[in-house]
Number of protein chains: 2
Amino acid sequence: MEDFIFYNPTKILFGREQLNNLAKEIKKYGSKVLLAYGGGSIKKNGIYDNVVRVLREEDIEFFELSGIEPNPRVDSAREGAKIIKENGIDFVLAVGGGSVVDCSKLIVAAAKTDADAWDIVIKKHKVREALPLGVVLTLSATGSEMDAGSVITNLETREKLDWGSALVRPKFSILNPEHTYSVNKWHTAAGVADIMSHTMENYFTTYDDCYLQDSFAEGILKTCVKYAKDAIEDPQNYEARANLMWSNTWAINGLLESGKDTDWSVHAMEHELSAYYDITHGVGLAILTPRWLEHVLNENTKSKVARFAKEVFAIDGEDEMEVAKKGITALHDFFVGLGIPMTLREVGIDDEHLKEMAENTIKHVGGPIDGFQQLNVEDVLEIYKKSL
Amino acid sequence: MEDFIFYNPTKILFGREQLNNLAKEIKKYGSKVLLAYGGGSIKKNGIYDNVVRVLREEDIEFFELSGIEPNPRVDSAREGAKIIKENGIDFVLAVGGGSVVDCSKLIVAAAKTDADAWDIVIKKHKVREALPLGVVLTLSATGSEMDAGSVITNLETREKLDWGSALVRPKFSILNPEHTYSVNKWHTAAGVADIMSHTMENYFTTYDDCYLQDSFAEGILKTCVKYAKDAIEDPQNYEARANLMWSNTWAINGLLESGKDTDWSVHAMEHELSAYYDITHGVGLAILTPRWLEHVLNENTKSKVARFAKEVFAIDGEDEMEVAKKGITALHDFFVGLGIPMTLREVGIDDEHLKEMAENTIKHVGGPIDGFQQLNVEDVLEIYKKSL
């Protein structure tokens, strides 16, 4: 176990009635709000109206930035920062899923500098201050509501990159499971795949001495397996939505990775897919993960994969390699059962850019991916090909 | 699942080298320190010298309060507050286990008021401000390093009471598993029992929709079962000490109870034992817990107890009641295996005060204990008698 610091001061307000606390929380930090959201689903499902009513009732002035994309683009962040600077805004409220939150993180940083937003993402400009950020979450997927990270896409450069700063961590996040009732089957399934991928990136490492953290990870994975179908088939199942929402937060807020250096292999590979093809992130992760596990399964890794199979899918057996293989199959079949298309061709990706994307994966990581198993360009290419 | 707020801004610095960050952390909050500790074990094991060296190297002036008792007494808190007021101290550093931390929480609150420290505990005086508190933890047991609660004993009134305030939550806690290497078998075992009891108080409730939280709880319980003997038999086993230390923190920092109203039945009953007899808290909990579970096991509760048996002790079977009973026996035998005396008589408690303590349990809770199963005075008395 490596030395580590766990410090996560985001305040989580969880449950049906928490929007009642929104104005009180905002007023701790600001008085003039940028309300940032996505393609308009919050207008259809009533969340927009509820948020706006709270702001108006409490006389909180607000401006709007709408249309933030899935796989949010740097252009939206530039636009948000511009609105803030032009109007003297002092607080950003992100209402949406991880894309809106991630874009808002870049907005709050870009609003406090003359540097271009993309320079923040590529670490050319170091974040020294940021506006305060609050979140009303409407999708269980990225965990961005309680972490300091963000993923931004630049379609011009075909890059989708991680960046982060403690300064952009949300001050508070309102998590009402009912806000995810209108999430369709596709995004519910993709969200579950995203949660599970975050958990597995933290779980499948070379560390065999972080038993507690790995047990927590298994708890999240079991919760996803237990409730995913319920949420898809019965979208207003509060218990299912609530368990998935709370899992989503804990998959990536620092707890599971405590004591480990993690490598995030699958995310590195998936980011290239989304950057080139703008596919749904969680679907890309679901497609790649079983093929990655197959690729890295060997005498060194079989115990951990077998533990995963046993704890998450209740697969018993004497031979660890056999149990591990059955676990990988179970994971694949679980995603199939959620209606996720489990090949790249089904989501419109052929072999045209595979080599380029494999090279970019390694380039963006800064060398071979070192972790559960080392991956170089050839490994990534092989995993892509297996996923076609 | 009930609505809840999760907000825990204590910064945890975990690992072998974290004392190197002590001065930097203190200087964020203060410059004149009260160093609070217990009976002197930190002088024997070298932790005192290491802490004092850091303070001296960084020119941080400090005063000392030593001799804080296990089951810390209100008198020690009064003394600490007096030293602070006389010397213009602006920061308290607790070096020790949960008793030292709990007492220090009362000290930081009492230092900022003219009210008597006991009035804070009995909620006659409301805490409105407190000095900042930092912790160097030397025992894995109470989880006090990342929560806002404290338990204080008043031997005059024979009361041992909980109180808490967000204002006394530690700003930071340094958790170096090596600092627990010198903890003897007795206190290691009692600490494990304490961690497990906190977890079980959060786990055994009437809520069957908090699957994630319960899975996390099982992760902590499994970790305790896996590592307790290792830590006792091989005290310098870093992996065991680290897993227990990190379990200790998460058992009671708000995560496991999120979404639930919990009742803390066993703690309520144990507090009377410690108040009357000054026994080791964790040992009291270990003795009472299996008898409490036996007492409350019925058709309504058997599923949860059976789940516990299956997940924590890998007990399989068709009949939930049978599995549940085996789980309770396994828990009892596990504590026996740690060398814990599993009857009240062995720790010097006979039937003299049982009735009085049962009455006080219910009195201090403010009526029957409502939770996993309702307990009134007769129930508590019966559980005490079963534990004799």
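Quick note on labels: first sequence line is chain A, next is B, and so on, each numbered from 1. Nothing here was measured: the structure is a model prediction, and the numbers come from that model.
Closest approach of B:Arg16 to A:Met1, counting heavy atoms only: NH1-O, 4.2 Å. Across all their heavy atoms, B:Glu17 and A:Asp3 have their closest contact at N-OD2, 2.9 Å.
Most heavy-atom pairs under 4.5 Å with chain B, from the set A:Met146, A:Glu218, A:Glu2, A:Glu239: that is A:Glu239. Counting heavy-atom pairs closer than 4.5 Å to chain A, the top-ranked of the candidates B:Ile5, B:Leu175, B:Ile220 is B:Ile5. Among the candidates A:Cys210, A:Ser215, A:Gly259, the residue making the largest number of heavy-atom pairs closer than 4.5 Å to chain B is A:Ser215.
By the 6.0 Å contact criterion, NZ on B:Lys222 is enclosed, its count of non-hydrogen atoms from other residues, nucleotides or ligands being greater than 12. Remark: A:Lys24 NZ is loosely packed, at most 12 non-hydrogen atoms of other residues, nucleotides or ligands lying under 6.0 Å away. No more than 12 heavy-atom neighbours from other residues, nucleotides or ligands sit within 6.0 angstrom of NZ on B:Lys326.
Checked options A:Phe216, A:Tyr211, A:Phe4; the residue passing with B:Trp246 is A:Phe4 (criterion: ring pair (Phe, Tyr, Trp, His ring centres under 6.0 Å)). Each of B:Trp250, B:Phe14, B:Phe172 was checked for a ring pair (Phe, Tyr, Trp, His ring centres under 6.0 Å) with A:Phe6, and the lone residue meeting it is B:Trp250.
Heavy-atom distances place the backbone of A:Thr10, and not its side chain, under 4.5 Å from chain B. The contact between A:Asp209 and chain B is made by backbone and side chain atoms together, counting heavy-atom distances below 4.5 Å. In this structure, chain B has no heavy atom under 4.5 Å from any part of A:Asn237.
You'll find the side chain of B:Asn8 stays beyond 4.5 Å of the side chain of A:Asn8, heavy atoms only. At least one side-chain heavy atom of A:Gln213 sits less than 4.5 Å from a side-chain heavy atom of B:Asn243.
Distance check: B:Ile12 CD1 to A:Leu255 CG gives 11.5 Å after rounding to the nearest 0.5 Å.
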